[in-house]
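Input: a single structure, listed below in C-alpha cells.
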Amino acid sequence: MSSETSDTLDQAMVRSSGLDTLLRDLTDRAVQEVPGAEACSITVRRAGRLLTLAGSDGMPSGLDLRQYENGSGPCVDAAGTGEEQYAPDLAEESRWPSYTAYALSTGVRCVLAVPVAVEGESGAAINFYGVRAGALGTGRDAARAFAARSGDAIDVALRIERRRQSAADVRTALLSRSVIDQAVGILMARERIDARIALERLRRVSQDRNVKLRDLCGQLVARVSAPDSRRGK
C-alpha cells in the first residue's frame, strides 16, 4: 500500500462513525462473502494479550474469549503460529477439547481461522464460524482472499488507535504536569519555600500515603479551589 493510499484510507476511517463500527462492518461483510460462514471475528495479539477487535452480528458471546482464557483454540493457534487452522467438524475434533465443548454448546460446528499479517503486532487472525459440519469447506479460498484484502484495513485501524492512544497519553501527561505545577505553587505561597523543596515535600507525602503524586496534587488544588476554601489552611 502506498503512503498516499494509506493516508486516504486513514482519513476515510477517521471520518467514519468509528473504528469499532468499521471493523464490525468488515466482519459482517466477511459473513456475506464466505460461503458457509455464519459469524466472523478478528483476533489480534497486543501487548502479549489476545483480544477480539470486532465480531459480526450473531457472533456467540464468549466464543473467542474462551479460547484466550484456555490459551488454546483455532484462532489462538492461527494468530500464534501464522498457520491456518481448520476444524471441519468440532464434534470429531481433538486438538482443543475444552474449547470444542464450549463451541458446540453455542451451536458452532465448524471453524476456520486464517492468519493475517498485521504491522507492529505479533499475531492476528480472522475467524469464521459455521453451524454445520464441513460448512466452510468450499469457502476456504474465499476466506483466504478476504483475509488478504482485510489486512490493510486492520493495519490502518490499529495505526489510528495507536495514534489516538499516544495523543491521549500526551494529554494525560500535560494535565498531570499542570496540576503538579499548581500544587507546587500553592505550597510555595503558603510555606514561602522554593519550587524544589515544595516538590520534594509533595513527593514525600505521596510516598507516605501511598498515593500517586498526580492524585495528591489534584486533591490539594481542588481543596484550595473550593468556594469555601480559606487562604492559609
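Each of Ile193, Val184, Leu187 was checked for a side chain to side chain contact (heavy atoms under 4.5 Å, CB included) with Leu199, and the lone residue meeting it is Val184. Checking Thr100, Val111, Leu104 one by one against Glu93, the side chain to side chain contact (heavy atoms under 4.5 Å, CB included) holds for a single residue, Thr100.
Atom CZ of Arg24 and atom CD1 of Ile42 lie 11.0 Å apart (nearest 0.5 Å). Residue Ile180 holds its CD1 atom at 8.5 Å from CG of Leu202, rounded to the nearest 0.5 Å. Summarising the geometry, atom SG belonging to Cys217 is positioned 9.5 Å from atom CD belonging to Gln182; distances are rounded to the nearest 0.5 Å. Taking CD1 of Ile186 as the reference point, atom CZ of Arg223 lies at 9.0 Å (rounded to 0.5 Å). Atoms CG and OG, from Leu213 and Ser206 in turn, are 5.0 Å apart once rounded to the nearest 0.5 Å. Within the model, atoms CG of Asp64 and CE of Met59 stand 4.0 Å from one another, a figure rounded to the nearest 0.5 Å.
Residues Glu69 and Leu65 meet the side-chain proximity criterion, which asks for heavy atoms closer than 4.5 Å. You'll find the side chain of Leu23 stays beyond 4.5 Å of the side chain of Asp25, heavy atoms only. In this structure the side chain of Leu26 reaches within 4.5 angstrom of the side chain of Ser150, judged on heavy atoms. Under the 4.5 Å side-chain criterion, counting only non-hydrogen atoms from C-beta, Ile126 is not in contact with Arg144.
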Check against side-chain contact (heavy atoms from CB on, under 4.5 Å), Leu50 and Val44
CA-CA 6 Å; Leu50 286 172; Val44 171; over 6 Å; no
Could you go step by step and tell me if Leu216 and Leu220 meet the side-chain contact (heavy atoms from CB on, under 4.5 Å) rule?
CA-CA 6 Å; Leu216 177 70; Leu220 175 59; over 6 Å; no
From CA spacing to verdict: side-chain contact (heavy atoms from CB on, under 4.5 Å), Thr106, Leu63:
CA-CA 8 Å; Thr106 69; Leu63 199 54; 3.9 Å; yes
Under the criterion side-chain contact (heavy atoms from CB on, under 4.5 Å), I'd like the reasoning laid out for Phe146 against Asp141: C-alpha separation, chi angles, the key distance, then a yes or no.
CA-CA 9 Å; Phe146 187 88; Asp141 286 341; over 6 Å; no
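Taking hydrophobic clusters as Ile, Leu, Val, Met, Phe, Trp and Tyr residues chained together by side-chain heavy-atom distances below 4.5 Å, Val108 does not share a cluster with Tyr68. Put simply, Val131 and Tyr102 are part of two different groups of oily side chains (I, L, V, M, F, W, Y) that touch within less than 4.5 Å, one to the next. Both Val116 and Leu112 are assigned to one and the same hydrophobic cluster, defined by single-linkage of ILVMFWY side chains at heavy-atom distances under 4.5 Å.
Looking at Glu200 and Arg204, no side-chain N of the basic residue comes within less than 4.0 Å of a carboxylate O on the acidic one, giving no salt bridge. A salt bridge links Glu84 with Arg140: the distance from a Lys NZ or Arg NE/NH1/NH2 to an Asp or Glu carboxylate oxygen falls below 4.0 Å.
Of all non-hydrogen atoms in Pro115 and Ala78, the two that sit nearest each other are CB-O, 3.6 Å. The two residues Ala54 and Thr27 make their nearest non-hydrogen contact at O-CG2, 3.9 Å. Between Ala113 and Asn127, the shortest heavy-atom distance links the atoms CB-OD1, 3.5 Å. Of all heavy-atom pairs spanning Pro60 and Ala39, the tightest one is CD-CB, 4.3 Å.
A cation-pi arrangement, defined by a distance under 6.0 Å to the six-membered ring centre and an angle within 45 degrees of its axis, is absent between Arg66 and Tyr99.
A distance-only check finds a donor-acceptor pair linking the side chain of Asp89 to the backbone of Ala91 [under 3.5 Å]. Tyr86 contributes no side-chain N or O that, together with a main-chain N or O of Pro74, makes up a donor-acceptor pair within less than 3.5 Å.
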Identify all side-chain donor-acceptor contacts of residues 28-36 below 3.5 Å with residues at least two apart in sequence or on another chain.
from	atom 1	to	atom 2	distance (Å)
Asp28	OD1	Asp57	N	2.8
Glu33	OE1	Arg149	NH2	2.5

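With sequence neighbours excluded, the residues satisfying side-chain contact (heavy atoms from CB on, under 4.5 Å) with Thr81 are Glu83, Gln85.
Under the 3.5 Å distance criterion, with hydrogens and angles disregarded, no donor-acceptor pair is assigned to the side chains of Tyr129 and Ser56.
For Arg203, the CZ atom is loosely surrounded, since the number of other residues' heavy atoms within 6.0 Å does not exceed 12.
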